[in-house]
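See structure below.
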Protein chains: 2
Amino acid sequence: MKRKITLKHIARELDVSISTVSKALKNSEEISRETKEKIQAFAKLYNYKPNNIAISLKNKRTKNIGVIIPDIVHHFFTTVFRGIEKYANDKGYNVIVCVSDESFDKEVINMEMLANGSIDGFIMALSAETQLKNDYNHLKQVTDQGIPLVLFDRVTDEVNCDKVIIDDQAAAHMAVSKMIADGRQRIALVTTEDYLNVSSKREEGYRKALEEHNLPVREELILRLPYQYEDEKLSEVFFATQEVDAVLCVNEIFAVRTIRFLEDNDLRVPSDVSVIGFTDGILSRLSNPTLSSVAQHGEEMGTIAAKMLIDKVESDIEEGEEEYRTEVVEATLIERESTRSS
Amino acid sequence: MKRKITLKHIARELDVSISTVSKALKNSEEISRETKEKIQAFAKLYNYKPNNIAISLKNKRTKNIGVIIPDIVHHFFTTVFRGIEKYANDKGYNVIVCVSDESFDKEVINMEMLANGSIDGFIMALSAETQLKNDYNHLKQVTDQGIPLVLFDRVTDEVNCDKVIIDDQAAAHMAVSKMIADGRQRIALVTTEDYLNVSSKREEGYRKALEEHNLPVREELILRLPYQYEDEKLSEVFFATQEVDAVLCVNEIFAVRTIRFLEDNDLRVPSDVSVIGFTDGILSRLSNPTLSSVAQHGEEMGTIAAKMLIDKVESDIEEGEEEYRTEVVEATLIERESTRSS
DNA sequence: TTGTAAGCGTTATCAG
DNA sequence: CTGATAACGCTTACAA
């Protein structure tokens, strides 16, 4: 077992000072070619690599970024994470992930844990509970300390920082308009019952699109389901009493369930009812029929978020003139079988 | 912007020495109640938190664990990750994730990056390319340095370390036996063409089960598809020329595609053909019909891996007598509609 | 009871 | 060209 070698070891071994070794390994002009070669050869031989922790302490820069997301087993977040990770890695940063599990407390604990020197900045999506409580002191504390923060998808106006979002309202509007253009008239909305910022924006877009096309907004056609619902009972009640010819769902899972439910009730998708979901993930591509859905371009969001963060981290504006940006990523509608206007 | 406060600040402010502050905050008996109270109050007021990096440097322990996986947008890995993250967090560890993207080079780079002091140990699943090249020097280097390593799922015998796997062979055997018990006779296997350890183990189980039940192993019934295949052409060729009454797929995606293909060709699942997949993820639960599949219990694997790693990290056997364990997690068959023996 | 000093591994400044 | 020294923030013998 060859323990990690340090500058000190090399210095002792080669009978030079630590600073000489340090400089030699950085190819400093100050050191004679001869000594440099000797030292470099030795270092190579023993596979010397500087200790990141020591460098972090010295530079007050960890080259780590902290990512806090509500759930990792969730296609969208996972996709954003991939974007973050790729960009960050390219820039020489590592990514520390913490999962808040939609819990306010865990979010706070994780942030505090990381804020004590472990990371240079945060990228996060708020937990559902945090949005519900509307308590953002932990975020403010972090920004007050001068730690850069980028919020994505689940954001809040309460905190001053960079943000990356998709225009959920416009996206829902687009989806509903498409259905209307396809001749659909009774369009239902299946959304979450939790108060999530994104859901309500999507609902706004849904309402607006109907209104603009002079279609009535029927509250009975808006179904609110618990975030992780497992029973289709609710949906049965809903569809049994209503005639719908199109459904917009705020996520993939609701959409796939809806399709299944419709087919079990002898309604064909898309001929009888067309369905559009949000989150263009694996389910959309592989459901039967395949699901038209609003792509949120998570990877792109992740890339943008990482870029914004790293730019801030590496800029030395420090007490920056509070110049925060909000990037809006265009959502696109991926059309598949569930809306074929056949 | 209140910059982070350090022991030095407190000491200066309160006109005591740094070590007094340090001890006072640790509630040391050495310090008078009076001073302690003064210091603690001050620290609370200014929200003092020790700097993790400094502590890491001192203790030579980062309380970070490095996780390297081939792909984060993949239900199984994501699930394992969740298990790791939860357990690690409970134990006060953070998790740094790097994605190898199935690439050998990235795997090597990421490991080296993290091995220079950033983490106390690794948990990883080998990339496809690494398994193909059969080159594990980067792993050996890490273990040689005394950094604990736990391999999961995609493992190799070439490296001496703790491992967590499922018995893929037994799992496939179980699945095939179940189909046979249901009266199926011509059972196909849809597997990957890459050389992945897990796939080949599953194939072995498949073959063994058939043999044990005195059924012929027909090579034409074994279909090898590229890892991320997008065209169903291959599968068309396959099924068009064969009569099968059951299919075992080495992953969910292949399984769902198979179902879709069968239905498009007027074969009903499960009445005409029953289908079982591996990886009990969201697709299995939501496909139509729902998919019977082999649950790999990723979260449990993650928990076990994290436990093994942290135990090693925190044990002081150091030059441990090479006592490495391999934990086998029981796979279970989750029966859903695709195998209802109706 | 409090303080000094060394050390964790590096880098940077300043002398020699 | 090379080396001593201080510093990053903290802990911990050891002195006082």
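To find a chain, count down the sequence lines: A is the first, B the second, and so on, and within it residues start at 1.
- Between the C1' atom of dT10(C) and the CG atom of Leu25(A) lies a distance of 11 Å, rounded to the nearest Å.
- Whole-Å rounding puts the Ile55(B) CD1 to dG9(C) C1' distance at 17 Å.
- Between the side chains of Ser17(A) and Thr20(A), a donor-acceptor pair is found at a separation under 3.5 Å.
- Heavy atoms of other residues, nucleotides or ligands lying less than 6.0 angstrom from NZ of Lys49(A) number more than 12.
- Comparing dT11(C), dC8(D), dT12(D) by their nearest atom to the side chain of Ser22(B) picks out dT12(D).
- Lys60(B) comes within 4.0 angstrom of sugar-phosphate atoms only, judged by non-hydrogen atoms across all strands, and of no base.
- For His138(B) and Phe104(B), the ring centers are positioned less than 6.0 Å apart.
- Distance from the side chain of Ile18(A) is smallest to dT11(C) among dT4(C), dG9(D), dT11(C).
- Backbone-only contact: Thr35(A) has heavy atoms under 4.0 Å from sugar-phosphate atoms and none from a base.
- Separating the CD1 atom of Ile10(B) from the C1' atom of dC10(D) is a distance of 12 Å, rounded to the nearest angstrom.
- A straight line from CG of Asn59(B) to C1' of dG9(C) spans 14 Å, rounded to a whole angstrom.
- The side chain of Ser17(B) approaches dG3(C) more closely than any other nucleotide in the set dG3(C), dG3(D), dT10(C).
- For the residue pair Ser32(A) / Thr35(A), a side-chain donor-acceptor distance below 3.5 Å is found, with atom types taken as modelled.
- Nearest nucleotide to the Ala54(B) side chain, out of dT11(D), dG9(D), dT11(C): dG9(D).
- Going from atom CZ of Arg12(A) over to atom P of dG3(D) covers 15 Å, rounded to whole Å.
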*Kindly indicate, with the supporting measurements, whether the criterion ring pair (Phe, Tyr, Trp, His ring centres under 6.0 Å) is fulfilled by Phe81(A) and Phe77(A).*
CA-CA 6 Å; Phe81(A) 177 78; Phe77(A) 290 128; over 10 Å; no
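- Following rounding to the nearest Å, Asp15(B) (CG) and dG3(C) (C1') show an atom-to-atom distance of 12 Å.
- Heavy-atom neighbours of Lys307(A) NZ from other residues, nucleotides or ligands within 6.0 Å: at or below the threshold of 12.
- In this structure, Glu34(A) atom CD and dC1(D) atom C1' are separated by 11 Å, rounded to whole Å.
- Ring geometry for Phe42(B) versus Tyr46(B): interplanar angle of 30 to 60°, hence tilted.
- Across Arg154(A), Glu107(A), Glu102(A), Lys106(A), a single residue satisfies side-chain hydrogen bond (donor to acceptor under 3.5 Å, both in side chains) together with Thr130(A), and that is Glu107(A).
- For dC8(C), neither phosphate oxygen OP1 nor OP2 lies less than 4.0 angstrom from any side-chain nitrogen or oxygen of Thr6(A).
- Separating the CZ atom of Arg3(A) from the P atom of dC8(C) is a distance of 14 Å, rounded to the nearest angstrom.
- Not one side-chain nitrogen or oxygen of Lys26(B) sits closer than 4.0 Å to the OP1 or OP2 atom of dC10(D).
- Here the side chain of Thr20(A) is nearest to one of dT11(C), dT2(D), dT2(C), namely dT2(D).
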All N/O contacts under 3.5 Å from nucleotides 13-16 of chain D to the protein, with atom names and distances to one decimal?
| residue | atom | partner | partner atom | Å |
| --- | --- | --- | --- | --- |
| dA13(D) | N6 | Lys23(B) | NZ | 3.4 |

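- The residue Leu57(A) sits close to a base: some heavy atom pair falls under 4.0 Å.
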